[in-house]
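Per chain, numbering begins at 1; letters A, B, ... match sequence-line order.
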Amino acid sequence: MSSERLASPATATHGQVRSGSRFRRIAWRYSRNRPAVVAMAFLTVLIIVAILAPLAAPYDPVVQDLPRRLEPPSKEFLLGTDAFGRDSFSRMIYGARVSLLVAFATVALIILIGTTVGILAAYYRLLDGPLMRIVDLLMAMPPLFLLIMLVALFGASTGHTVLFIALSYWRTTARYVRGQVLSLKHRDYVKAALASGASDLRIFVRHIIPNISDGLIVIATLSISFVILLETALSYLGLGAQPPTPSWGGMLADGRQYLQISWWLTVFPGLAIFLTVMAFNFVGDGLRDAFDSRSAKAV
Amino acid sequence: MTRFIVNRIAQIIPLLVLLSVFIFTMMHLAPGSPESFYLTDHYTEEQAEAVREKLGLNEPPVRQYLTWLGAAIRGDFGQTFSYGVSVTEVILSRLWPTLQLQLLALSVSVIIAVPAGVISALRRNSRLDHSITTATLFGLSMPDFWFALLLMLTFSVHLGWLPAFGTGSEGLFAAPLNLVMPVAVLGLSAVPWYARVVRSSMLDSLAEDYILTAAAKGLTPTRITIHHALRIAILPLVTVIGLSMARVLSGVIVVETIFVWPGLGQLAWEAVIRQDYPVILGLTIFTAAFVMIFSLIVDILYTYIDPRIRYV
């Protein structure tokens, strides 16, 4: 990992930051990882621009201007116009909203389902068998096929995209959580809590989840990049956000027809996906290296 | 060993039945109905009724399922709604184009990923190692359909070197030029995963005692790397390749759709869009069975690569 190289100076000067809180230690270590810092800055700007899309976009993303269709990038239209004369740059800004919103919502759901199933499977032996069989079943199912089938059968919409990606992909998180909890379950502090009469729920919330939260944060960050790739693939296939809502995958699909004359319709939306996904990957790797806990290293 | 294999096969069958129940339930819970695909815009209720009757959709769902299951056990997956042939025929006709793509892509991935991972591990923390790991991160972030489009833009549209669509041949084998781009996309997209696995398992393997023993015996570094370290380090890669066989279908859906490749991925896509229930069911069971049998083969392969592994 690129970060291994960066970890060594961090440990060499460890003494300087030992006094700070854990958060400050982690932030300091993270700040030593330059690609991760750049990626974090990029994502911050992207998120702000996406939230402020109506202010940031120079044009309305859905208003058509047919006489000005398929214009190459210029000062007026930074990234050119599409087949309906709509400004690509503005559409990309609005497209970021869709991709980011879907990604955050989906990952929240994945972590929720995965953690619940993982804890239940690890903690209650009776549930372990059936729950893990469901995971096996999902493993045997070709992932994108399941997703496409569900979306096509139940109809394409942003809500369905979130729901069905989450339902198809919680298994990795569940397996991770189960493994972690199995090893935590026999720790003395869990036994002590049990002996002092703590309820199962209290043990999960107070003793188990805090001990796997670092790992979950890393999984969540890396999952975001994975979900963005899936969401854009779905909208490329016409099964994501529906027109006229702009989405990066949908823009690529529209541009496909004009590959021969309008390269900008294919290059820029893809670049947006690529950079965003890469940024989340760098941040995820950076966090894993910055966290000093066992659960983060186990991801 | 035989008992192990028999046991594993016995576990596969209930899983497949469960899977078919799941898919069947999903199809019947879904709001859309497949007959609409086979009717013109202005249809009468009688026409709709006739289509439903013909497709066997008028039976109660449980009976529909049991009829399907009964036939499936005997190897008959029924007639397709929209292809005019049986499900087995349509799957078999699409199998070979996909296998051709996948086998070539797999070779490309392994040929690039294994040396990259081994070099990365041998020269750990060197500049080369960092370049390789950074490159894998780039690869992991690349949307495969965008990569496909960029290749098409460069090599088909601008340079005119490679054909953009189809297999380019009526015969058994696809035309070599038509294979280049789909194989490149599929092959390269797996390289980052495989290279990461090889790197980390090589690092583990190189730290083992038997490497020290081999070095003490005076073996050459090349021999140690290949015969001692890599032999064991390749095991996790075999696992990962086995698992990624689940993508034999899904990974190719997007790529085959873009390159208009007449394989299983495109079939899956068409079947879903046309709501061709028998094809969807058949494909699901077929791929799931394929994945499970493949993972069994992987487990058996283990015993040959690493003689320490035994199944009882």
Side-chain angles (χ1 to χ4, degrees), chain A residues 1-5 8 35 133-134 136-155 222 225-226 228-230 232-234 236-239 248-249 252-253 255-256 259-261 263 265-267 269-282 285, chain B residues 11-12 14-16 18-19 22-23 26-27 29-32 124-125 129-130 133-134 137-138 140-147 149-150 152-153 156-158 164 196 243 245-254 257-258 265 268-269 271-273 275 280 283-284 287-292 295:
Chain A
M1 290 294 77
S2 59
S3 27
E4 273 169 17
R5 158 191 49 170
S8 37
R133 288 296 82 71
I134 297 177
D136 286 347
L137 204 63
L138 283 171
M139 295 282 272
M141 192 63 198
L144 192 62
F145 183 40
L146 177 64
L147 187 57
I148 287 177
M149 191 183 76
L150 290 173
V151 175
L153 287 176
F154 289 89
L222 296 175
S225 54
F226 172 70
I228 292 178
L229 283 177
L230 273 176
T232 50
L234 269 185
Y236 179 82
L237 291 171
L239 294 173
W248 291 343
L252 276 173
R256 168 88 162 73
L259 199 61
Q260 308 215 354
I261 42 174
W263 56 270
L265 295 179
T266 292
V267 170
L271 196 63
I273 303 170
F274 176 56
L275 290 177
T276 309
V277 170
M278 192 160 63
F280 277 111
N281 278 333
F282 270 118
D285 277 359
Chain B
Q11 285 171 9
I12 289 176
L15 264 177
L16 289 180
L18 211 62
L19 191 63
F22 171 71
I23 304 293
M26 281 298 153
M27 292 193 305
L29 284 178
R124 189 183 186 182
N125 288 336
D129 178 25
H130 294 309
T133 43
T134 310
L137 213 113
F138 265 71
L140 285 178
S141 313
M142 184 69 117
D144 48 6
F145 53 101
W146 186 51
F147 185 42
L149 289 171
L150 287 183
M152 230 186 229
L153 188 64
S156 303
V157 174
H158 285 287
R196 282 185 161 197
L243 282 176
M245 278 302 127
R247 286 190 236 161
V248 157
L249 209 126
S250 59
V252 296
I253 290 180
V254 175
T257 311
I258 290 181
W269 167 239
V272 162
I273 295 302
Q275 303 214 352
I280 296 177
L283 262 180
T284 315
T287 36
F290 184 79
V291 171
M292 292 179 198
S295 80

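- Heavy-atom minimum distance, B:Ile280 versus A:Met149: CG2-SD, 3.2 Å.
- A:Phe154 is linked by a ring pair (Phe, Tyr, Trp, His ring centres under 6.0 Å) to A:Phe164, counting only residues two or more places apart in sequence or in another chain.
- Closest non-hydrogen pair, B:Val254 versus A:Ala233, comes out as CG2-CB, 4.5 Å.
- Both the backbone and the side chain of A:Val267 come within contact range of chain B, judged by heavy atoms closer than 4.5 Å.
- At a 4.5 Å heavy-atom cutoff, B:Leu16 makes no contact with chain A through either its backbone or its side chain.
- Heavy atoms of A:Thr232 lying under 4.5 Å from chain B belong to its backbone as well as its side chain.
- Across every non-hydrogen atom of B:Trp146 and A:Thr266, the tightest pair is NE1-O, 2.8 Å.
- Scanning all heavy atoms of the two residues, the minimum distance from A:Leu237 to B:Trp269 falls at O-CH2, 3.0 Å.
- No side-chain heavy atom of A:Phe274 sits less than 4.5 Å from a side-chain heavy atom of B:Phe147.
- If you measure heavy-atom distances from B:Phe22 to chain A, the contacts under 4.5 Å come from the side chain alone.
- The CG atom of B:Leu140 sits 15.5 Å away from the CZ atom of A:Phe280 when rounded to the nearest 0.5 Å.
- Interface remark: A:Leu275 contributes no atoms to any contact with chain B (heavy atom separation under 4.5 Å).
- Listed for the A:Trp263 side chain is no donor-acceptor partner under 3.5 Å among the backbone atoms of B:Leu150.
- For B:Ser141, the side chain to side chain donor-acceptor pair (under 3.5 Å) test picks out A:Asn281, with sequence neighbours left out.
- Scanning both residues, A:Gln260 and B:Val157, for their nearest heavy atoms gives CA-CG1, 3.7 Å.
- Put simply, OG1 on B:Thr257 and CD1 on A:Ile148 are 7.0 Å apart, with the number rounded to the nearest 0.5 Å.
- Interface remark: A:Leu271 contributes backbone and side-chain atoms alike to the contact with chain B (heavy atom separation under 4.5 Å).
- Residue A:Leu229 comes nearest to B:Phe145 through the heavy atom pair O-CE2, 4.3 Å, listed as atom of the first residue, atom of the second, then distance.
- Rounded to the nearest 0.5 angstrom, A:Leu265 CG and B:Leu153 CG are separated by 10.5 Å.
- Between the CG atom in A:Leu153 and the CE atom in B:Met26 there is a gap of 9.0 Å [rounded to 0.5 Å].
- At a 4.5 Å heavy-atom cutoff, the contact between B:Val272 and chain A is made by backbone and side-chain atoms alike.
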